[in-house]
Number of protein chains: 2
Amino acid sequence: MLKISELSEKTGLSAHTLRYYEKHGLINASNRSEAGYRFYTDSDVRRVQFVKTARNTGFSLEDIGQLLSIRVDKLSHSCQEVTDITRKKLVEVNAKLTELQSMQQTLELLLESCCGGPENATHCSIMEALDAGLLLDKKIAARTEQGGAAK
Amino acid sequence: MLKISELSEKTGLSAHTLRYYEKHGLINASNRSEAGYRFYTDSDVRRVQFVKTARNTGFSLEDIGQLLSIRVDKLSHSCQEVTDITRKKLVEVNAKLTELQSMQQTLELLLESCCGGPENATHCSIMEALDAGLLLDKKIAARTEQGGAAK
DNA sequence: TATAAGCTTAGAGTTAACTCTAAGGTCAAC
DNA sequence: GTTGACCTTAGAGTTAACTCTAAGCTTATA
Ligand SMILES: [Zn+2]
Ligand SMILES: [Zn+2]
Ligand SMILES: [Zn+2]
Ligand SMILES: [Zn+2]
C-alpha cells in the first residue's frame with residue numbers, strides 16, 4: 001500500500017497529476033486511510049503504469065480511458081477495438097509527422113540560403129523567401145525538374 | 001484599399017484572426033474609415049502574407065513578432081539574428097519529430113503484433129505490451145543485437 | 001507539544017492560437 | 001426607410017493536460 005507521494009516517486013508522475021488522472025476517471029486508489037489519505041495497491045500501481053506507458057506512446061487521456069475499459073473487461077472487447085484506437089492514433093501521428101517534416105525541410109532550406117553573418121539583413125534570403133511566400137518550393141521543383149536524378 | 005473581409009478572402013485568414021493578430025501587434029490597418037472600418041494598403045497586405053507564410057513554416061507568433069521587427073528595419077539587424085530564430089525553430093521541430101517518430105514506430109509495432117480480429121481481447125498483444133511497459137523496445141534491441149546487419 | 005512535512009479538497013491559472021459572442025453602429029440596395 | 005450583410009469593441013470560451021494555490025487536516029519526529 002503506497003501513499004500518493006510514494007506512487008509519485010515510483011511512477012515519475014507528480015501527485016498533482018495522479019489526482020488529476022483520478023478526477024478524470026483514469027485511475028483510483030483502492031483504499032483510503034481513516035483521514036482520507038489515498039492508498040494504492042499493487043493492482044492500482046499497475047494500472048497507473050499502464051496509463052503512463054500509453055501516455056508515452058502518444059495516446060490522449062481519452063484514448064487511454066477507452067483502453068482502460070477494455071483492459072478491465074477483455075472478454076467483452078475485441079482486438080479490433082484495440083487496433084482501431086491504435087490505428088487512429090497512428091494516423092494522427094503520421095499527419096503531424098508529415099507536417100513537421102515539411103517544416104523541417106523548409107527551415108533547412110532557409111538556413112542553407114542565408115549567410116548567417118553579422119552584416120545587416122537588407123540582403124537576407126530568409127527574409128526574402130518569407131516575403132515571397134516561400135517560393136523556395138518552386139526553386140526546388142525547378143532544380144529537380146532540370147537536374148533529373150538527385151544527389 | 002481592402003476591407004477586412006476582403007483581406008480575409010485574399011489571405012485565407014479569418015477576420016477574427018486578423019483582428020487577433022492586430023491585437024497582438026503583428027499587423028495593422030494603415031487606414032480607417034470615418035466609421036472606424038479597417039482599410040488595408042498593399043503594404044499591409046504584404047505584411048499579412050509574410051505573417052501567414054511564417055506561420056505555415058512553423059514559427060510562433062512571438063517568433064514572427066521578432067521577424068517582423070527585423071523586416072521593418074533590416075539595416076539595424078543582421079542575418080545572424082534571422083538564422084538564430086530560424087535555427088531555434090528547427091531545433092524545436094527536430095525534437096518533436098524525434099518524439100513523433102518514436103511514437104510512430106511504437107504504434108506500428110503494436111499494430112503488427114495484434115491480430116486486429118473480432119475475438120475477445122484476452123490475448124491481445126497490444127494490451128500486453130502496454131501492461132508490460134512496452135518492452136517491445138527490448139525485443140527490438142534484442143533482435144537488432146542478434147541479427148547484426150539489418151534488413 | 002510544537003514544528004515540519006505531507007495529505008485533503010475545490011477551484012483557479014497556464015499555454016498557444018485562435019474562435020466566438022454580444023451589443024451595437026454602418027452601408028448598399030431595393 | 002428598412003432589410004441584411006458587414007463592421008466595431010471588449011471580453012469570454014475552447015482545447016489538452018497539466019500545474020498550482022489556498023485553507024485546513026494528519027502524521028512523524030524531536
Ligand atoms: Zn546574409
Ligand atoms: Zn540572411
Ligand atoms: Zn487478437
Ligand atoms: Zn490484439
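Here is the naming used below: chain letters follow the sequence lines, and residue numbers restart at 1 for every chain.
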How many whole angstroms separate atom [atom1] of [X] from atom [atom2] of [N]?
X       : N      : atom1 : atom2 : value
B/Asp63 : C/dA16 : CG    : P     : 11 Å
B/Leu26 : C/dC18 : CG    : C1'   : 13 Å
B/Ile4  : C/dT19 : CD1   : C1'   : 14 Å
A/Lys3  : D/dT26 : NZ    : P     : 14 Å
A/Asn28 : C/dT8  : CG    : C1'   : 15 Å
B/His24 : C/dA17 : NE2   : C1'   : 8 Å
B/Leu7  : D/dC7  : CG    : P     : 11 Å
B/Glu62 : C/dA17 : CD    : C1'   : 13 Å

**OP:** Check step by step if salt bridge (Lys or Arg N to Asp or Glu O under 4.0 Å) holds for A/Glu92 and A/Lys89.
**Re:** CA-CA 5 Å; A/Glu92 283 175 36; A/Lys89 191 74 224 172; 2.9 Å; yes
Nucleotide nearest [X] (side chain, heavy atoms from C-beta), chosen from [options]:
X       : options               : result
A/Leu61 : D/dC18, C/dC18, C/dT9 : D/dC18
A/Ser60 : D/dA17, D/dT8, C/dG6  : D/dA17
A/Tyr37 : D/dA17, D/dT26, D/dC7 : D/dT26

Subject >> Atom pair NZ/CD of A/Lys96 and B/Glu99 - distance to nearest 0.5 Å >> reply: 9.0 Å
Subject >> B/Lys88, NZ: over 12 other non-hydrogen atoms inside 6.0 angstrom >> reply: yes
Subject >> Nearest-nucleotide comparison on DNA chain C, the residue closer to the 5′ end among B/Ala35 and B/Phe59 >> reply: B/Phe59
Original post:
Side chain of B/Arg46, backbone of B/Phe50: donor and acceptor closer than 3.5 Å?
Top reply: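 Checked: no pair found.
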Original post:
So what does B/Ser33 hit on the nucleic acid, given a heavy-atom distance under 4.0 Å: a base, only sugar-phosphate, or nothing?
Top reply: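 Since no nucleic acid heavy atom lies under 4.0 Å of B/Ser33, the category is nothing.
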**OP:** Within residues 8-23 of chain B, find the residues that approach DNA chain C with a heavy atom at under 4.0 Å, and present them sorted by residue number.
**Re:** B/His16, B/Thr17, B/Tyr20, B/Tyr21
Original post:
Can a salt bridge be assigned to the pair B/Arg32 and B/Glu22 using a cut-off of 4.0 Å between side-chain N and carboxylate O?
Top reply: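 Yes, this pair counts.
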Subject >> Ion pair B/Asp131/A/Arg71, N-O distance below 4.0 Å >> reply: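 Here B/Asp131 pairs with A/Arg71 in a salt bridge, since their nearest N and O are under 4.0 Å apart.
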Original post:
Is A/Arg38 near enough to C/dT9 that one of its side-chain N or O atoms lies under 4.0 angstrom from OP1 or OP2?
Top reply: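 For C/dT9, OP1 or OP2 has a side-chain N or O of A/Arg38 closer than 4.0 Å.
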Subject >> Within the 6.0 Å centroid threshold, strictly below: A/His16 and A/Tyr20 >> reply: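 Aromatic pair excluded; centres sit 6.0 Å or further apart.
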